[in-house]
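These notes concern the structure reproduced below.
Atoms considered below: every heavy atom in the structure, side chains included; atoms not considered: hydrogens, waters and symmetry mates.
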Amino acid sequence: MKKALALLLVAAILASLAACGGGRAVGDSAAANGKTTLMIYMIGSDLESKSGAATDDLIEIQDSGIDIENNEVVLCTGGSPEWQNDTIGNDNNTILTLSGEGYDVEEKMSQASMGEAKTLTGFLDYCVQKHPAEHYALILWNHGNGPLIGYGKDMLFDNDSLTLSEMSDALEKSSFSKDNRLDWVGFDACLMASAELCCVWAPYAQYLVASQEVEPSFGWQYSFLKELGKREPVSLIGDITQNYLSTCLDYFKEKNYDDRDTTLACVDLSRAEELSDAVNDLFAEASKNVEKRYDALAAHRVDARALGRASTGSEYDLVDLCDLAKQLEQEYPDQSKKLSGLIEEMVISNATNAEGLSGMSLYYPFYNKNYYENEWSKIYRDLNVFPEYTDYLSKYEKIWLGEDMHEDYANSEIPESESESKYTLQLTDDQAKHFASAKYYICAL
């Protein structure tokens, strides 16, 4: 059944998002009067076609109690084969605005991939031109897959996503820059709270709101919008993170999901350059002796808090950056303490029920060799957010992927059925000396 959205049809104009550029500079319009324009880039994908999750959030936004006299909400929608409401068409990209009557269709456009940089640029510039304000914020709604794959899944264009490089390109060509930054950018998506993302977005936004872990399909709780424009961004963002955590915990309790880690963090992007320096300093030091210290470095990598593994069944090779720095303190105390201390200062709100999650992740390859060899190594080198870390990885991979790495086997006795399911492996001296990680196979005879 289609879900009902209040609708006032005000325009149905065929246009191209890419043609919406050329807007005036942010905030310099005489029409700007202190309002906030909230821009929402909503790729519906299977979240909408299968369960109507986007439509549910549209209703949630509409019912939030937002002050539409002093704020504007503008949405760009697309990327789903089927929308579960009568307002958004399946065969076009649509610009919606929120009014007192519900959602107005402001523009209908020919389909364009929402995983293309120019589509995002077009939407941002359209909002600046058509909805000028003193303050701007942006939410990107859909799937997230971390810094290597990026954000979004446009199902009408071969599941096209916005990579970090494409995000950077889109923002660089938009009306937002160092002098006209967004108040904040938020990813209502999984696995996007990474150090790489912080550095990419720092020239274009003051704060980043994102999750290290996966998000439930219902995503954020949008009641915070009733306070939009009434409070400073940092205070408002505190509501976003805490409301999200509370909603998730209530849902997990109802479903008896006792083991679900949840996090939504806000990061101060004004210190991203310090972050870049701190990451580079640590791994420049590690690069000096990666060949001799590989066993210890690999062990620290394995011990660092991982993200997304248990929840998705996939290996994104994401680790908590603060926990990783603390793992490396014994080898590189000055650099590690500087990095972990900086992260704790940059993450100004970290709503989580999990230990060992700081609010900021890092891509650190270890388990997913296949993707790294075939694609991800090139993506990361081209991104080049942390040059010294990238150089470290080039040395690290020669051992990690090289002939010096090999698997060995140790045996374990099967525990008695009445005993605890603990397996003890007896390693040889050589195995213990070169141990990096372990996995087990259960063979039925």
Side-chain angles (χ1 to χ4, degrees), residues 1-21 23 37-64 66 68 71-131 136-143 151-162 170 174 188-189 219 222 225:
M1 179 180 294
K2 296 286 188 181
K3 301 179 183 179
L5 293 178
L7 167 65
L8 177 64
L9 184 61
V10 298
I13 304 171
L14 292 178
S16 169
L17 272 175
C20 293
T37 293
L38 174 62
M39 304 172 288
I40 303 178
Y41 197 70
M42 180 174 278
I43 307 175
S45 72
D46 56 334
L47 293 175
E48 174 64 10
S49 62
K50 290 183 177 180
S51 62
T55 293
D56 287 343
D57 275 355
L58 287 170
I59 295 171
E60 199 173 282
I61 291 165
Q62 181 179 314
D63 294 342
S64 66
I66 185 174
I68 58 173
N71 303 284
E72 294 195 70
V73 179
V74 188
L75 300 100
C76 178
T77 64
S80 177
E82 182 179 4
W83 287 83
Q84 303 296 318
N85 61 73
D86 295 320
T87 305
I88 302 170
N90 301 326
D91 57 354
N92 55 63
N93 290 32
T94 306
I95 298 288
L96 301 175
T97 55
L98 183 64
S99 71
E101 304 296 326
Y103 288 100
D104 304 338
V105 175
E106 190 166 281
E107 301 268 358
K108 285 188 177 182
M109 292 143 295
S110 56
Q111 285 181 346
S113 173
M114 296 186 74
E116 290 283 344
K118 63 183 180 181
T119 309
L120 177 57
T121 301
F123 173 59
L124 297 176
D125 287 348
Y126 176 93
C127 290
V128 170
Q129 184 178 23
K130 299 290 187 179
H131 301 275
Y136 290 85
L138 172 66
I139 296 173
L140 296 105
W141 189 104
N142 193 220
H143 292 290
Y151 147 82
K153 178 183 176 183
D154 190 317
M155 295 182 67
L156 304 179
F157 290 86
D158 197 27
N159 293 331
D160 191 18
S161 64
L162 273 169
S174 77
D188 192 352
Y222 283 91
L225 289 177

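- By the side chain to side chain donor-acceptor pair (under 3.5 Å) test, Asp154 is found to be paired with no residue, residues two or more places apart in sequence or in another chain being considered.
- Annotation: side chain to side chain contact (heavy atoms under 4.5 Å, CB included) contacts of Asn92 (sequence neighbours excluded): Thr94, Lys108.
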Are Thr87 and Leu58 close enough, and set up right, to give a side chain to side chain contact (heavy atoms under 4.5 Å, CB included), and what steps lead you there?
CA-CA 11 Å; Thr87 305; Leu58 287 170; over 6 Å; no

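- The minimum heavy-atom distance between Ile43 and Gly152, with the atom names listed, is CD1-CA, 3.8 Å.
- Summarising the geometry, atom CD belonging to Glu48 is positioned 5.5 Å from atom CD belonging to Gln84; distances are rounded to the nearest 0.5 Å.
- Residues forming a salt bridge (Lys or Arg N to Asp or Glu O under 4.0 Å) with Asp46 (at least two apart in sequence, or on another chain): Lys153.
- One finds the OH atom of Tyr41 at 8.0 Å from the CG atom of Leu140 (value rounded to the nearest 0.5 Å).
- Nearest heavy-atom pair across Phe123 and Leu75 is CE1-C, 3.9 Å.
- Every residue meeting the side chain to side chain contact (heavy atoms under 4.5 Å, CB included) condition with Glu72, not counting sequence neighbours, appears here in chain and number order: Thr37, His131.
- Atom-to-atom distance recorded for Met42:CE and Ile61:CD1 is 5.0 Å, nearest 0.5 angstrom.
- Residues passing the side chain to side chain donor-acceptor pair (under 3.5 Å) test with Asp57 are Trp141, sequence neighbours excluded.
- Residues passing the side chain to side chain donor-acceptor pair (under 3.5 Å) test with Ser45, sequence neighbours excluded: Asn142.
- Annotation: the span from Cys76 atom SG to Leu96 atom CG amounts to 9.0 Å, rounded to 0.5 Å.
- Nearest heavy-atom pair across Ser113 and Asp160 is OG-OD2, 2.7 Å.
- Across Asp188 and Tyr222, no two heavy atoms sit closer than the pair OD2-OH, 2.7 Å.
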Run Ile40 and Val73 through side chain to side chain contact (heavy atoms under 4.5 Å, CB included) and show every step you take.
CA-CA 8 Å; Ile40 303 178; Val73 179; 4.0 Å; yes

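- Rounded to the nearest 0.5 Å, atoms OG (Ser80) and CG (Asn90) are 7.0 Å apart.
- For the pair Gln111 and Asn93, the tightest heavy-atom approach, listed with the atom from each and the gap, is CA-OD1, 3.5 Å.
- Rounded to the nearest 0.5 angstrom, Glu106 CD and Thr97 OG1 are separated by 4.5 Å.
- Closest approach of Ala54 and Trp83 over heavy atoms only: CB-CZ3, 3.7 Å.
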Assess the residue pair Glu116 and Phe157 against the criterion (side chain to side chain contact (heavy atoms under 4.5 Å, CB included)); give the C-alpha distance rounded to whole Å, side-chain angles, the decisive distance to 0.1 Å, and a yes or no.
CA-CA 10 Å; Glu116 290 283 344; Phe157 290 86; over 6 Å; no

